[in-house]
Structure formats: structure tokens, C-alpha cells
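One structure below.
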4 protein chains.
Amino acid sequence: MSQPRFQRRKEDRPQEITAAALAAFAKNGYAATRVDDVAKRAGVSKGLLYLYFKTKEELFKSVVRSFVIPRIDTLIRSIETSDMSSEEFLRGPFLEFARKMPGSPISVIVRLMVAEGPKHPDLVQFYWDNVVSRGLGAIDELLRRGVQRGEFRQCAISEQPALFVMPVVFAVIFKLIFGRQSIDTERLIETQIDLLITHLQGPAT
Amino acid sequence: MSQPRFQRRKEDRPQEITAAALAAFAKNGYAATRVDDVAKRAGVSKGLLYLYFKTKEELFKSVVRSFVIPRIDTLIRSIETSDMSSEEFLRGPFLEFARKMPGSPISVIVRLMVAEGPKHPDLVQFYWDNVVSRGLGAIDELLRRGVQRGEFRQCAISEQPALFVMPVVFAVIFKLIFGRQSIDTERLIETQIDLLITHLQGPAT
Amino acid sequence: MSQPRFQRRKEDRPQEITAAALAAFAKNGYAATRVDDVAKRAGVSKGLLYLYFKTKEELFKSVVRSFVIPRIDTLIRSIETSDMSSEEFLRGPFLEFARKMPGSPISVIVRLMVAEGPKHPDLVQFYWDNVVSRGLGAIDELLRRGVQRGEFRQCAISEQPALFVMPVVFAVIFKLIFGRQSIDTERLIETQIDLLITHLQGPAT
Amino acid sequence: MSQPRFQRRKEDRPQEITAAALAAFAKNGYAATRVDDVAKRAGVSKGLLYLYFKTKEELFKSVVRSFVIPRIDTLIRSIETSDMSSEEFLRGPFLEFARKMPGSPISVIVRLMVAEGPKHPDLVQFYWDNVVSRGLGAIDELLRRGVQRGEFRQCAISEQPALFVMPVVFAVIFKLIFGRQSIDTERLIETQIDLLITHLQGPAT
DNA sequence: AATGAATGAGTATTCATTCAT
DNA sequence: CATGAATGAATACTCATTCAT
């Protein structure tokens, strides 16, 4: 009776631990998080944690890897498979994605990258290759497609996908530092995207 | 040999120490920086450091205070005293300021705020009050002035000074995490500011 | 070589550590005792010591608690259960107890109380409640019983049990400060107790 | 005008410093007292303090020496020069002396001896030679005189002057540890001295 | 596989002592 | 003489990591 439950448990362990680690890192940052706490959060002994992750650093890298990739994959796939117009996509799914960012687990990872990046060059590289580069690439693809289809004109904006990512990163940072009592980041994101699209569409002739 | 072991230079010490601390924090982050290292960098004994700063935390706060305020003060004063048109100011002094940001000491402090903010709420508050709030206020004032003078039209953009700050923060973060091999942040800043101004000036009739 | 580096002996550790701490405190006093030394004496790592005692101070308190209480309990119980006459008890078990005091672990604790008391008011209170008050109370009870039984007359002496404790404390202090080459404290204790009993029994009619 | 005042000042410096040190030691004990504090209390710079006392330890020894000797000298001289009967002296000047002890500066020195004695054998020796030995000797002399004059009978008590010192030391210790809320030490001292004298005078034949 | 007792290197902080002024 | 800035050795405490059970 109890067997199958334990069986299943074993499979999930690593994920449960990285989830606990993410929560712990989110609360206290990497350096101030004790491995003990992560283990306790995961309902696991310290020894077992070390069975899955050789060091605290490896655990950290695992956290970054396992929580960001799926998110970015989803975005990219939706761009690739979508049959919306570029504008529709930007005002629809992309805006939705952008709005959810601040406050999501990924935002925590931004904090970790900012804080710990300099000490983990390989992780930075990984993050660049798998998250930033691919994310920017996807938006670039979206813009390129818009230009091809005649929706957008080709200009400085259509060549800098970072302009679309910018407000998201900014909002994430703001939320992280100042919490919710700061500025209206949602409106900021909307305004920026609207501004960009308006410009890409050019003066209505 | 030539250097006496004791040197009395009461006046200069605090600044030398905060400068050294900034450099150390910049390299390793707050938690990973050893007080010993800061002292060594400053060419000072650990004991003396503790004579001026009661704790590592206080040293950290001092660093934030002494390096950011002057910078932001300069910007604000130049806005207040400038007799340029708003556009001229944005394309001139402000753009210059924005370009210098990534790689400057302030950029390091952004990293510290992101990483350590959650553990130093009073510092975050201080930063908000003295840096962010005043900085945004100054730009707001500049935009308002532009509207009053008829240079700009009143719209969503003229009400969100953060749109101007956004690319700077974004560039800072990018440089911090990915170094120089990432994206062309200068061009990004320019494009964004140009975009905003163009929009504020409305369709050329 | 023969000793494994890790030994799991959870049960015994706290006692071993407090014993080592008592010895160390006895030798150097509280302030001058390094936690490192206590750990070494106990054949234990510093980390483990801190697993059982959160701070050096808590270790100190534990020492006081665990070495004095049993001693005083024994005395009190023997008073309560004894069926000797009061005189017999005082000249027998009590005198024995008094003689053993100087040089025993408790004597060291007196030193700690004198030296560290002012900085640990709660510990002083604890010591008063659990040791001094109860000890004096027990002797008071013994004297009261003697009066009731007609062995002793009621007088200033029968009301001040401290007169019996006095020579013990004095002897302890003397031994602590001056070692054995000072005065004959055993004889002092005997003389005092004899003197008190003689007086309590009144003039032989 | 100001010259003579400074002149005088210089002479008194060491005493002012030892007085300040006594006060500081009294409050916090030897180990916990910072040289800085002593200097501040004495209204003197740290450097000057070190001009008079080579080390903290030497300062400590100076404190012990300079505050106890005068006290004990006074007692001894009054014994030597007194023309009272031994009983009168014991019930008069000696009792007065004994009563004043707890709470006086000397009581603090007892604490210091108990706490720091083990680490300063030479100081203990000094204390024994100059204070304890001479003090006990003086009382011994007083008792011997009483026996010679036929006031007292020769017995175990007349040979153990410590019996007279005992309640004083005990009272001092008690006050030091438990403050004033403990037991009536004055009455204890009186009772003990009365008891001893009564016994020395023997049964009224 | 799982536990948590045990380890020890690493770090912030204090304070007696020195010495340039 | 007098100052107090400057030094650095000493020490309590933490926490990633190991390993007996």
C-alpha cells in the first residue's frame, strides 16, 4: 500500500528540493540561505539533499535551469505556432506574459543572476544562451515576420527586440527592490508596448 | 621601509574606506566581501575601519549614501538651472548622463540594492526617497515644463517619467550580468529616448 | 588511527561538554575561557558544542545548573529523611558535606557567581531560588525541628541558618583564592559548628 | 594662575586613574572593563594612562594595592593604639569596621581577587601578605591581649581569628552576588561577634 | 536510500597596546 | 607631557559538507 507512494516520491525529490530552494533563495538571497533551511522546506534531510546535489552551488544552478527554461520555451513555442498577426500577438499573449513576469518565480531568478552572476560565469553563459538569447531571438523573429507581412515597417525599433523586453526587466527589478508601493509597472509595460507598436506601424497615411 | 607604519590622516579615511568598500562590493557583492579585504584595499587596518563604521552593514549603507546622492544631485540641479528646451536637454545632458550610467559606480549600487535590498528595508526606503523618487520627480518636472511650453503634448508618456529611466536601468542590469559582450545598450538608450521624444512632439503637422 | 573521526554519541555529549566547561571555567574563569578550549577538553568540535549550546553564556548557565542542583538536592533530601537528632545530623552528615565543599565543583561555581553574577542577573536569581534559598531553608527546617523537639532553645542563632553556611562559604573562598597554604579551614568549620551547637543547647544546667 | 592647578593635577593623576579603574572594575569586572572606559572616567587620554601604567594588569594590581592597604592599616593602628578592653574594641570599632565592609570599595576588591586571583599569583601573594595575614594577625593580637588581661579564656576560638573575619567576608560575598534583597547581613555579623565574645568570656561563674 | 550528528574552515567584531602628532 | 588615530592578535559564532548509523 505505502510502497507506490514512496516510489513516486523518489522520482519527485529533486524537483521538490529545487522548488524549496527557489523559495528559500527568493526570501533571503543565495548567500544568506542555509542548506539546512532548503532541506527543511523540502521535508528532506540534509544528507539526502547532498545525495542529489553535490554542492550548494550546484543546487543554485539547478534552480536557475529548471524554472526558467520551461517558461521561455512556452513563450517561444507560442510565437512559432501562433497564427495571429504580430500586433495581435504582442498585444495579446506577449503582453499577458510580460504582465505576469513581475512577481513570478522568474523574477526571483533575475535577482539571483544580478546578485550572484559575477561569481558564476558559466551560469551567466547558460542563462544568456538559453534564456536571453533565445527570448530576444523569438521576439526578433516575431518582428521580422511582421515586417515581412507588411504589418510593420523596418526601422531601428524592429531591429532591437530588447525594447520590448526592457519594460519587463525594469518592472521586475522595481518590484523586487521596492515592492508594490512603487510605481504602476503594469501601465508602464502597456504604454511602452503600445508606443512601440504605434511606431512600428508608422504614420497612418 | 619608507612608509611609516602609522599614518594619521583622520580626514581622508572614511572616504578612502567607502571607496574601497564600493570596489570590493562591486567585485564580490555584499555578503561575499570580507571586511578584511575592504581594509586591505583601503590600506588600513581592520580596527580602524571599525573605528569609523560600527558594522559591515553600516559601511554598506555609507557606501550607498555617499556615492549615489551626489550623482543624482548633479542631474537634478542641471535640470533646474538649465535654460535649454526640454528636447535639447533630453538629447544633450540627459542622454550623456544615461550613457555614462552603465559601468559607473551607481550601477554597482543597483546591483547591491537588488541583491541586498530585502534585508535592508530602511536602506531601500532611503534609496527610494533620495534617489528614485527625486530622480523621477526631476524628469517629471522636465516633461511638465516641456508641455507647458508647448514643446510636448500631454499624453501617457508625459506622465510616466519612468519610461526615460527604464532603458538606463535595463542597460545597467545587462552590463552587470553579461558584461560587454551582450547587446548594444547605448543604441538602445538612444533609440528609446528618440522614440519617446518623437511621440511627445506628436505627428508633425 | 584507531579512533574514527566521527563518533555518534548523542546522549552523552551535553554532559561531557558541561563537565569540560566546568573544568575550563574553574581554571581560567568564564571570560578567559575560550570556547575552543572547552570543545577540545570535551574531545568534540566547536561546531558540535554550538549544536547543544546556542551561546557561551548558555553553556555557562548549563554548567551552573547541572552541577549545583544535584548536590543541594542530596543535602536537602538527607535532612528530610534523616531520623537523627538535629545535633547528630549537624555533627555528622552536615559537617561531612561542609568539609567536602571546598575543592568540590560547587566551589568553582561560587567563584563564577561572584565573578560573573553582575552580568547574569537571571542566573543569580536562579541560583538564589534553587540553591541558596533552598539550602538555607533546609537548615532552617533542621533547626526548627531541633527546637520543637526540645534539643535546642529558640534564640538568635536558631533563626539564622546562614551562621552554619557561613564557614563553608568562607572556606570555599579562601581555598579558591589562596589555595591550600592558607589557613586550616576544616578546623574553622568544625569550631564554628561546635560553637553554634553548644550555644543552641544552652548552658548545661 | 592656571599653572598651580595643573601642577597639582599632575601629582594626582595616578590616583585619579586608579580610582576610575576601581569604579570600572566594580561595575563590570576586570575582563569586561575596557581601558578606554577607565581613561574616560578619569578624564584622561588612553595614551596618558599608559604612561603611568604599562599594562592593564599593572593598573589592576595598583588598584588592589592602593585601596586596601590604607583601610587595613587604619584597623591595625586602631587596634595597636586603642586602650579599650578587647570586648569594647570588638563591639565598638571592629563591629563598625565590619559593618561598613559590604558595599565599600574593598568589597569590590574581594570580587576581583576571587575572579582574577588564579591568573595573578603574585597579586594573591601580595594580598595575603599585606591584607589577610596582617588583618588576621591584628585580630589575633587583640584576642591574645584579651586572654593576657584575663578578659577572655584561651580556647579554640581565641586561636582562630578567622572566626571574626568570616562573617564579614560572607556578608561581602552575599552583597556582591545577591545585592540587598538577600539576607540581613548586619544582624548576622552582630550575632556572630556576640556569640564569639560570649564564648570567649566563658560561663559566668 | 535516508538521517542528522559531527566537523572545521571561515568571518565579523573587540580591545589592549603603540606611536605619529 | 598629552592625545587619540591606528594596529592586529584574539575569539565567538556560522554553515557547507561529511559520514557513522
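Below, chains carry the letters A, B, ... as their sequence lines are ordered, and counting in each starts from 1.
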Can you list the residues that meet the ring-ring contact (aromatic ring centres under 6.0 Å, His included) rule with B/Phe178, with sequence neighbours excluded?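 With sequence neighbours excluded, B/Phe178 shows a ring-ring contact (aromatic ring centres under 6.0 Å, His included) to A/Trp128, B/Phe174, given in chain and number order.
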
Output all residues satisfying ring-ring contact (aromatic ring centres under 6.0 Å, His included) with A/Tyr127, sequence neighbours left out; order by chain, then residue number.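 If we apply the ring-ring contact (aromatic ring centres under 6.0 Å, His included) test to A/Tyr127, skipping adjacent residues, there are no hits.
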
Whole Å only: how far is the [atom1] atom of [X] from the [atom2] atom of [N]?
X: A/Lys40; N: F/dC15; atom1: NZ; atom2: P; answer: 12 Å
X: B/Glu16; N: F/dA5; atom1: CD; atom2: P; answer: 15 Å
X: B/Leu51; N: F/dA6; atom1: CG; atom2: P; answer: 8 Å
X: A/Leu48; N: F/dT21; atom1: CG; atom2: C1'; answer: 16 Å
X: C/Arg13; N: E/dG4; atom1: CZ; atom2: P; answer: 18 Å
X: C/Tyr50; N: F/dA16; atom1: OH; atom2: P; answer: 18 Å
X: D/Phe53; N: F/dA2; atom1: CZ; atom2: C1'; answer: 16 Å
X: C/Ile17; N: E/dA5; atom1: CD1; atom2: P; answer: 12 Å

Counting only pairs under 3.5 Å, give me each side-chain donor-acceptor contact of residues 17-24 of chain D, with atom names and distances, residues two or more places apart or in other chains.
residue: D/Thr18; atom: OG1; partner: D/Pro14; partner atom: O; Å: 3.2
residue: D/Thr18; atom: OG1; partner: D/Gln15; partner atom: O; Å: 2.9

Got a list of side-chain donor-acceptor pairs under 3.5 Å for residues 114-123 of chain D, not counting sequence neighbours?
residue: D/His120; atom: ND1; partner: D/Glu57; partner atom: OE2; Å: 3.0
residue: D/Asp122; atom: OD1; partner: D/Lys61; partner atom: NZ; Å: 3.2
residue: D/Asp122; atom: OD2; partner: D/Lys61; partner atom: NZ; Å: 2.4

Of the residues in residues 54-64 of chain D, which ones touch DNA chain E at a heavy-atom distance under 4.0 Å?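 The stretch gives D/Thr55, D/Lys56 as the residues lying under 4.0 Å from the strand, ordered by number.
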
Give the dot-bracket string for DNA chain E, reading 5' to 3', where a pair is Watson-Crick or G-U wobble with both distances under 3.5 Å, ( ) marks pairs inside the strand, [ ] marks pairs crossing earlier ones, | marks a partner on another strand, and . marks unpaired. .||||||||||||||||||||

List the atom pairs, with distances to 0.1 Å, where a side-chain N or O of residues 37-47 of chain D and a protein N or O form a donor-acceptor pair under 3.5 Å, not counting sequence neighbours.
residue: D/Asp37; atom: OD2; partner: D/Arg34; partner atom: NH2; Å: 3.2
residue: D/Ser45; atom: OG; partner: D/Leu48; partner atom: N; Å: 3.2

Contacts of type side chain to side chain contact (heavy atoms under 4.5 Å, CB included), residue D/Leu176, not counting sequence neighbours: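 D/Leu176 satisfies side chain to side chain contact (heavy atoms under 4.5 Å, CB included) with D/Ser107, D/Arg111, D/Val172 only.
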
Can you name the closest pair of heavy atoms from D/Lys56 and D/Val35 and give their distance?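 Smallest interatomic distance, heavy atoms only, reads CG-CG2, 3.9 Å.
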
What pairs meet the ring-ring contact (aromatic ring centres under 6.0 Å, His included) rule with one or both residues in residues 39-58 of chain B, with sequence neighbours excluded?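 Every candidate ring-ring contact (aromatic ring centres under 6.0 Å, His included) pair involving residues 39-58 of chain B fails, so no pair, neighbours aside, qualifies.
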
Considering only side-chain heavy atoms of D/Lys46, which listed nucleotide, F/dA6, F/dA12, E/dA6, is closest?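 Output: F/dA6.
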
Considering only residues two or more places apart or on different chains, which pairs with a residue in residues 21-33 of chain A satisfy salt bridge (charged side-chain N to carboxylate O under 4.0 Å, His left out)?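 Passing the test, one end in residues 21-33 of chain A: no pairs.
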
Pick the nucleotide of DNA chain E nearest each of D/Gly47 and B/Gly47; which residue has the one closer to the 5' end?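 Looking at the nearest nucleotide for each, B/Gly47 comes out on the 5' side.
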
What orientation do C/Phe25 and C/Tyr30 show, parallel under 30°, tilted 30 to 60°, or perpendicular over 60°?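 Tilted.
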
How is C/Tyr52 classified with respect to the nucleic acid when contacts are heavy atoms under 4.0 Å: base, sugar-phosphate, or nothing?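 Counting heavy atoms under 4.0 Å across all strands, the contact made by C/Tyr52 is with sugar-phosphate only.
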
By a strict heavy-atom criterion of less than 4.0 Å, which residues belonging to residues 26-39 of chain B are in contact with DNA chain F?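 The stretch gives none, as no residue of it lies under 4.0 Å from the strand.
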
Residues forming a side chain to side chain donor-acceptor pair (under 3.5 Å) with D/Asp129, sequence neighbours excluded: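 Side chain to side chain donor-acceptor pair (under 3.5 Å) check on D/Asp129 returns D/Gln125.
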
